[in-house]
Amino acid sequence: MNKNVGIMCFSPTNTTRKICDAVALGMGSEDPIVLDMTLPDIRANIIADSSNAIKDIDHLIVGAPVYAGKLPLQAIDYLKNFSGTGKQCTAIVVYGNRDCGIALYNMVEMLSKNGFTVVAAGAFIGQHSYSDIVPVAVGRPDKSDIDKAVKFGARILSASKQLSLKDVPVQLDKASKSDKYPSLKPSYNEKQCVQCGKCAKACPVGILLPETGKYISQAAKKQCIGCMACVRSCKQKARVAKTNPIVKMVIYSILRQASKERKEPIIVI
Ligand SMILES: Cc1cc2nc3c(=O)[nH]c(=O)nc-3n(C[C@H](O)[C@H](O)[C@H](O)COP(=O)(O)O)c2cc1C
């Protein structure tokens with residue numbers, strides 16, 4: 001019998017979503033049930049009706065990017081709110097070729113605690129969100145990553161055993177040990193802005209005004225998670241990943257090594 005495959009993911013710049021789609025395809029599902037948790041209103045509605053949202057899904061693929069070696073707070077929010085009652089699932093994180101920190105471990109741990117049977121897990125690589133500053137993993141996931149994700153999906157079909165947490169990779173560093181989420185807030189160039197509202201629609205924390213592209217308030221700027229969804233959505237280059245030379249140096253020092261070597265996906269099954 002074919003499994004009803006579902007995807008639940010947070011993916012501001014779409015790399016996590018691409019990997020989840022490829023894994024679903026490998027599981028034989030071209031048209032999975034998608035619970036896209038990226039936008040705030042949709043995320044809130046799905047969480048409010050969590051048991052109903054996953055009731056028709058036999059196997060849930062859960063995806064999130066890695067932020068500062070951890071899961072983004074938005075992903076933690078939805079992971080907390082879903083109860084698995086034995087349902088099979090696969091945990092996936094996508095990171096920008098630096099490291100995946102404790103994100104995958106925490107995802108498997110949270111899903112297992114909430115009653116999911118986590119049969120597989122994977123850490124894949126996506127273009128680093130800050131590649132406009134320091135190019136890292138540009139164009140990834142590429143064909144090789146997608147092929148690996150599809151093959152991983154095919155293998156998941158015959159997996160049924162709960163993973164042991166000790167098999168899940170952890171790359172502990174300063175960022176993953178801290179509870180902080182340092183982020184780069186994009187610059188806004190009012191002269192370039194045509195008030196199309198695309199940045200506001202793409203913002204996962206809902207802090208931009210559709211009429212102007214500005215922050216709703218000065219306080220809202222502090223809530224910016226630096227995900228670069230608004231930068232990617234803006235064809236006018238009114239929102240750009242631009243920063244002062246000191247911050248640029250810091251980002252460079254963090255990403256220098258990651259920009260030089262190619263990491264490959266790690267899977268556990
Ligand atoms: C605030 C922030 C922190 C990040 N921290 C890390 C990190 O610790 N390690 C890493 O390899 N990539 C890191 N990245 C890069 C993302 O994990 C990577 O670009 C991912 O592919 C983005 O997923 P998405 O396209 O689904 O949004 C970070 C990105 C952002 C925006």
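Ligands are counted one by one from 1 in listed order, and the atoms in each one are counted from 1 as well.
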- Item | Evaluation steps, salt bridge (charged side-chain N to carboxylate O under 4.0 Å, His left out), between D173 and K177 | CA-CA 6 Å; D173 71 351; K177 281 183 196 156; over 6 Å; no
- Task: Mind running side chain to side chain contact (heavy atoms under 4.5 Å, CB included) on R140 and H128 for me, showing each step along the way?
- Result: CA-CA 9 Å; R140 294 184 76 182; H128 199 290; over 6 Å; no
- Query: Stepwise, does the side chain to side chain contact (heavy atoms under 4.5 Å, CB included) test hold for F152 with T90?
  - Reply: CA-CA 10 Å; F152 176 47; T90 294; 4.0 Å; yes
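Not one N or O of P182 is nearer than 3.5 Å to an N or O of ligand 1, by distance alone. The distance criterion of under 3.5 Å between nitrogen or oxygen atoms is met by D99 with respect to ligand 1. The shortest N/O to N/O separation between S11 and ligand 1 falls below 3.5 Å.
A salt bridge links K143 with D147: at least one charged nitrogen is closer than 4.0 Å to a carboxylate oxygen. Using a cut-off of 4.0 Å between Lys/Arg side-chain N and Asp/Glu carboxylate O, D77 and R43 are scored as not salt-bridged. A salt bridge links R262 with D142; the closest basic N to acidic carboxylate O contact falls under 4.0 Å.
Atoms of ligand 1 found under 4.0 Å from any heavy atom of I225, numbered from 1 in the order shown, are 1 (C). The distance from ligand 1 to the heavy atoms of T15 drops below 4.0 Å at these ligand atoms: 20 (C), 21 (O), 22 (C), 23 (O), 24 (P), 25 (O), 26 (O). Interface of G126 with ligand 1, defined as ligand atoms under 4.0 Å from a residue heavy atom, comprises 21 (O). Ligand 1 places these atoms under 4.0 Å from at least one heavy atom of H128: 12 (N), 13 (C), 14 (N), 15 (C), 19 (O), 28 (C). Within ligand 1, counting atoms from 1 as listed, the ones closer than 4.0 Å to a heavy atom of V94 are 17 (O), 20 (C), 21 (O). Counting the atoms of ligand 1 from 1 in the order shown, those under 4.0 Å from a heavy atom of P65 are 22 (C), 23 (O). Atoms of ligand 1 found under 4.0 Å from any heavy atom of G69 (numbered from 1 in listed order, with element): 7 (C), 8 (O).
In this structure, atom 6 (C) of ligand 1 lies nearest to the protein heavy atom V66 O, 3.3 Å. From the protein, the heavy atom lying nearest to atom 19 (O) of ligand 1 is Q127 O, 2.7 Å. Here the protein heavy atom with the shortest distance to atom 29 (C) of ligand 1 is S129 OG, 3.3 Å. Closest protein heavy atom to atom 25 (O) of ligand 1: T13 OG1, 2.4 Å. Among all protein heavy atoms, the one lying closest to atom 31 (C) of ligand 1 is G226 O, 3.2 Å. For atom 2 (C) of ligand 1, the nearest non-hydrogen atom of the protein is Y67 CD1, 3.6 Å. Here the protein heavy atom with the shortest distance to atom 5 (N) of ligand 1 is A68 N, 2.8 Å. The nearest heavy-atom contact from the protein to atom 10 (C) of ligand 1 is G96 N, 3.3 Å.
No part of Y181 comes within 4.0 Å of ligand 1, judged by heavy-atom distances. Contacts between L184 and ligand 1, counted as non-hydrogen atom pairs separated by less than 4.0 Å, are absent for every part of the residue. Using a 4.0 Å cut-off between heavy atoms, N97 contacts ligand 1 through its backbone alone, with no side-chain atom that close. Contacts of C227 with ligand 1, taken as heavy-atom pairs under 4.0 Å, involve the backbone alone.
Partner of P186 under the side-chain contact (heavy atoms from CB on, under 4.5 Å) criterion, chosen from C224, C199, C227, C234: C224.
At distances below 3.5 Å, not a single donor-acceptor pair connects side-chain atoms of K87 with backbone N or O atoms of T85.
Across every non-hydrogen atom of S259 and V134, the tightest pair is CB-CG1, 4.1 Å. Nearest approach of D145 to F124, heavy atoms of both residues: O-CE2, 4.2 Å. Scanning both residues, A64 and P72, for their nearest heavy atoms gives CB-CD, 4.4 Å.
The shell of residues lying under 4.0 angstrom from ligand 1, judged by heavy atoms, includes P12.
Taking CG of N45 as the reference point, atom CG of L39 lies at 11.0 Å (rounded to 0.5 Å).
In this model, a donor atom of one side chain and an acceptor atom of the other lie less than 3.5 Å apart for K185 and S183. Counting only N and O atoms by type, the side chains of Q162 and S112 include a donor and acceptor under 3.5 Å apart.
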